[in-house]
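Following: one structure in structure tokens, then a few remarks.
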Amino acid sequence: MYFQQLLLLIIHKFQGERSSTAPYYLLKGKKSGQTIQDVTYFQLHSYFSLYPKLAKETYEEAIKNLHAEGLIVMNESRVAITEKGLHQIVSIRRPFYSGWILRGKEFIFWGRVELIVQTLSQFQGNEKKFVPVQKSNEIHHFVKVFLQERDFQSSSFGAHFKKQLFHLLENPLLLEIHRNLFVYRLSGYKNSGLTWEQLASHHHMTVLDVKFLFIECLHILLNDITEEKYPDLHALTKGIYVQTPLTDSAFKTSKLFEKGYTIEEIARMRFLKENTIEDHVIEIVSADPTFPLQAFISKEQVQKVLHIAQERQTKKLKIIREELPDLSYFQIRLALTKGEEING
């Protein structure tokens with residue numbers, strides 16, 4: 001039920017203006033102009049790229065169940081929450097996610113923690129030969145360097161690391177199930193972590209529910225880690241947070257804008273269509289509220305778009321353009337994006 005409740009919250013935020021696949025692309029972290037734009041339009045940053053491995057079949061099954069239960073309605077390729085669905089989400093605990101800045105990298109942090117805990121436990125049990133739970137060579141290398149830089153075989157380091165971990169798990173935002181999932185996934189000396197299936201069975205949930213709860217747990221923890229409070233755990237967050245939320249292509253476009261090139265010039269230089277560069281501009285504005293818009297649209301035009309969007313309670317481009325035919329779809333998209341950055 002947890003995953004279905006999460007979908008209900010997301011569908012509600014889309015305000016009935018997107019298709020049933022929009023939440024799927026959001027959770028997958030699709031780097032398209034539309035999805036990136038929607039993140040800002042509908043203030044969906046926390047849910048972006050929460051689960052890049054989400055299978056389409058699994059998602060469609062969840063949507064099918066929501067529809068069968070009368071919690072959502074689908075028409076004209078749009079999906080919207082029903083009154084019954086609204087009543088259900090009123091009592092739902094709002095989840096804590098940081099998808100926009102983590103984008104699945106929380107599992108790299110987890111892998112580092114998992115391997116360190118296993119290594120310390122094995123060494124304390126005087127068992128130095130063991131099969132690592134983590135298969136990633138990058139995580140192996142990172143952990144090896146991390147441990148070599150510290151006196152990891154000493155009982156004092158193990159105790160200090162354990163103390164930091166225990167203190168971190170006392171975060172008041174965590175539910176008891178979060179703590180259970182975190183602890184029971186860990187492996188150590190003569191002790192193997194539970195599989196997703198075992199955890200799901202124990203908590204009478206689906207595997208997907210358990211995984212999304214686990215992701216939420218990691219996001220809550222990562223949001224709390226600072227170098228002052230958790231020096232060793234903070235070292236494990238290196239490279240986890242997205243430094244620039246832009247896709248590689250949009251980043252290249254932003255550098256050319258900084259040099260003063262126009263959309264048309266950048267499109268020619270990069271052998272791309274102009275509407276692709278326009279998508280990049282939307283992405284840049286979503287990530288950087290200070291990006292200057294005067295070359296594309298005036299402040300007055302932005303305010304006109306926002307006024308109509310507010311008055312008509314819509315972000316549908318076609319409806320807004322009917323009121324402002326002198327503006328292009330790109331300009332309207334830009335105004336909506338800028339407006340959400342101002343208001344959000």
Side-chain angles (χ1 to χ4, degrees), residues 10 13-15 17-18 22-23 25-26 28-49 97-103 241-270 272-321 323-324 326-344:
I10 293 172
K13 288 185 76 74
F14 272 117
Q15 302 170 17
E17 298 201 348
R18 292 295 182 267
Y25 293 133
L26 175 76
K28 288 275 289 184
K30 186 177 181 181
K31 297 180 178 68
S32 68
Q34 182 68 63
T35 302
I36 296 292
Q37 171 182 288
D38 284 348
V39 166
T40 300
Y41 275 10
F42 301 104
Q43 293 297 291
L44 291 161
H45 297 81
S46 58
Y47 304 109
F48 182 73
S49 197
Y97 288 112
S98 300
W100 187 251
I101 61 171
L102 288 170
R103 305 193 183 189
Y241 304 98
V242 175
Q243 297 305 307
T244 171
L246 298 178
T247 57
D248 291 342
S249 190
F251 182 74
K252 291 175 183 176
T253 293
S254 72
K255 290 301 178 185
L256 292 172
F257 272 121
E258 287 176 9
K259 294 179 180 178
Y261 292 106
T262 65
I263 287 179
E264 295 78 8
E265 290 169 336
I266 294 172
R268 286 198 300 272
M269 292 168 70
R270 299 199 58 203
L272 295 172
K273 294 179 181 178
E274 287 184 19
N275 60 6
T276 300
I277 305 302
E278 290 176 352
D279 283 346
H280 291 168
V281 175
I282 299 296
E283 190 177 338
I284 294 165
V285 173
S286 296
D288 179 13
T290 66
F291 185 79
L293 301 185
Q294 56 266 27
F296 312 110
I297 188 172
S298 69
K299 288 183 180 179
E300 291 74 19
Q301 289 172 322
V302 169
Q303 290 306 317
K304 284 181 181 179
V305 171
L306 298 181
H307 175 73
I308 291 170
Q310 178 65 30
E311 188 178 65
R312 301 289 295 274
Q313 287 294 294
T314 185
K315 291 183 174 67
K316 291 181 179 178
L317 304 183
K318 185 177 179 181
I319 293 175
I320 296 173
R321 194 159 190 256
E323 303 272 351
L324 298 170
D326 292 339
L327 295 184
S328 67
Y329 283 117
F330 169 60
Q331 288 175 308
I332 296 170
R333 291 172 64 201
L334 203 53
L336 289 173
T337 304
K338 185 65 175 179
E340 288 304 328
E341 286 292 351
I342 292 169
N343 301 325

Open item on the list: One pair to check against side-chain hydrogen bond (donor to acceptor under 3.5 Å, both in side chains): Q37 and T337. What are the steps and the verdict?
Closed with: CA-CA 7 Å; Q37 171 182 288; T337 304; 5.1 Å; no

Task: Set of side chain to side chain contact (heavy atoms under 4.5 Å, CB included) partners for K299, sequence neighbours left out - done: none

TODO: Measure the spacing between CG of L26 and CZ of F42 and express it to the nearest 0.5 Å.
DONE: 11.0 Å

TODO: Output yes when a side-chain donor or acceptor of Q310 lies under 3.5 Å from a complementary backbone atom of H307, and no otherwise.
DONE: no

TODO: Give the intermediate values and the outcome of side-chain contact (heavy atoms from CB on, under 4.5 Å) for residues V305 and L336.
DONE: CA-CA 7 Å; V305 171; L336 289 173; 4.0 Å; yes

Open item on the list: If you apply the rule salt bridge (charged side-chain N to carboxylate O under 4.0 Å, His left out), what do you find for K273 with E278, and how did you get there?
Closed with: CA-CA 9 Å; K273 294 179 181 178; E278 290 176 352; over 6 Å; no

Task: Qualifying salt bridge (charged side-chain N to carboxylate O under 4.0 Å, His left out) pairs, either residue in residues 248-259, two or more places apart - done: K255-E258

Open item on the list: I need the S249 OG to E283 CD distance, nearest 0.5 Å.
Closed with: 8.5 Å

Task: By salt bridge (Lys or Arg N to Asp or Glu O under 4.0 Å) - contacts of E274 (at least two apart) - done: none

- [ ] Please examine the side chains of F291 and V281, heavy atoms only from C-beta on, and report whether any two atoms are closer than 4.5 Å.
- [x] yes

Open item on the list: Minimum heavy-atom separation for K30 and F48, please, with both atom names.
Closed with: O-CE1, 3.8 Å

TODO: List in chain and number order the residues that pass side-chain hydrogen bond (donor to acceptor under 3.5 Å, both in side chains) with Q15, two or more places apart in sequence or in another chain; answer none if no residue qualifies.
DONE: none

Open item on the list: Is it the case that over 12 heavy atoms from other parts of the model lie below 6.0 angstrom from the NZ atom of K316?
Closed with: yes

Task: Partners passing side chain to side chain contact (heavy atoms under 4.5 Å, CB included) against S254 (at least two apart in sequence or in another chain) - done: L246, F251, I284

Task: Separation between CG of L293 and CD of Q331, rounded to the nearest 0.5 Å - done: 10.5 Å

Open item on the list: Could you check whether any side-chain N or O of R312 sits under 3.5 Å from a backbone N or O of A309, counting only pairs where one atom can act as donor and the other as acceptor?
Closed with: no

Task: Trace of the side-chain contact (heavy atoms from CB on, under 4.5 Å) decision for R18 with Y41 - done: CA-CA 12 Å; R18 292 295 182 267; Y41 275 10; 3.7 Å; yes

Open item on the list: Ignoring hydrogens, what is the shortest heavy-atom contact between T262 and E265? Give both atom names and the distance.
Closed with: N-OE1, 2.9 Å

Open item on the list: Please report the interatomic distance CD1(I10) to CG(L44), rounded to the nearest 0.5 Å.
Closed with: 7.0 Å

- [ ] Might you point out which heavy atoms bring A22 and F14 nearest each other, and give the distance in Å?
- [x] CB-CZ, 3.8 Å

Open item on the list: If you compare all heavy atoms of K315 against all heavy atoms of E17, which two are closest, and at what distance to 0.1 Å?
Closed with: N-OE1, 2.9 Å

Open item on the list: Nearest 0.5 Å, please: how far is OG in S328 from CD1 in I297?
Closed with: 7.5 Å

Task: Any residue meeting side chain to side chain contact (heavy atoms under 4.5 Å, CB included) with K28, in chain and number order, not counting sequence neighbours - done: Y24, L54

TODO: Spell out, as yes or no, whether a donor-acceptor pair under 3.5 Å connects the side chain of R321 to the backbone of L327.
DONE: yes

Open item on the list: Could you work out, with ring-ring contact (aromatic ring centres under 6.0 Å, His included) as the rule, every residue matching F296, not counting sequence neighbours?
Closed with: F257, F330

Open item on the list: Within the structure provided, determine whether H45 and T40 are in side-chain contact (heavy-atom separation under 4.5 Å).
Closed with: yes

Task: Pairwise distance NE2(H280) to CD1(I277) - rounded to 0.5 angstrom - done: 5.5 Å

- [ ] Could you list the residues that satisfy side-chain hydrogen bond (donor to acceptor under 3.5 Å, both in side chains) with D279, not counting sequence neighbours?
- [x] R333

TODO: Identify the heavy atoms of A335 and V302 that sit nearest to each other, and give their distance.
DONE: CB-CA, 3.9 Å

TODO: With sequence neighbours excluded, tell me which residues meet side chain to side chain contact (heavy atoms under 4.5 Å, CB included) with K304.
DONE: L324

- [ ] Tell me, please, which residues at least two apart from S49 pass side-chain hydrogen bond (donor to acceptor under 3.5 Å, both in side chains).
- [x] none

Open item on the list: List the residues meeting ring-ring contact (aromatic ring centres under 6.0 Å, His included) with Y47, not counting sequence neighbours, and say none if there are none.
Closed with: none

Task: Residues which pass side-chain hydrogen bond (donor to acceptor under 3.5 Å, both in side chains) with T276, listed by chain and number, not counting sequence neighbours - done: none

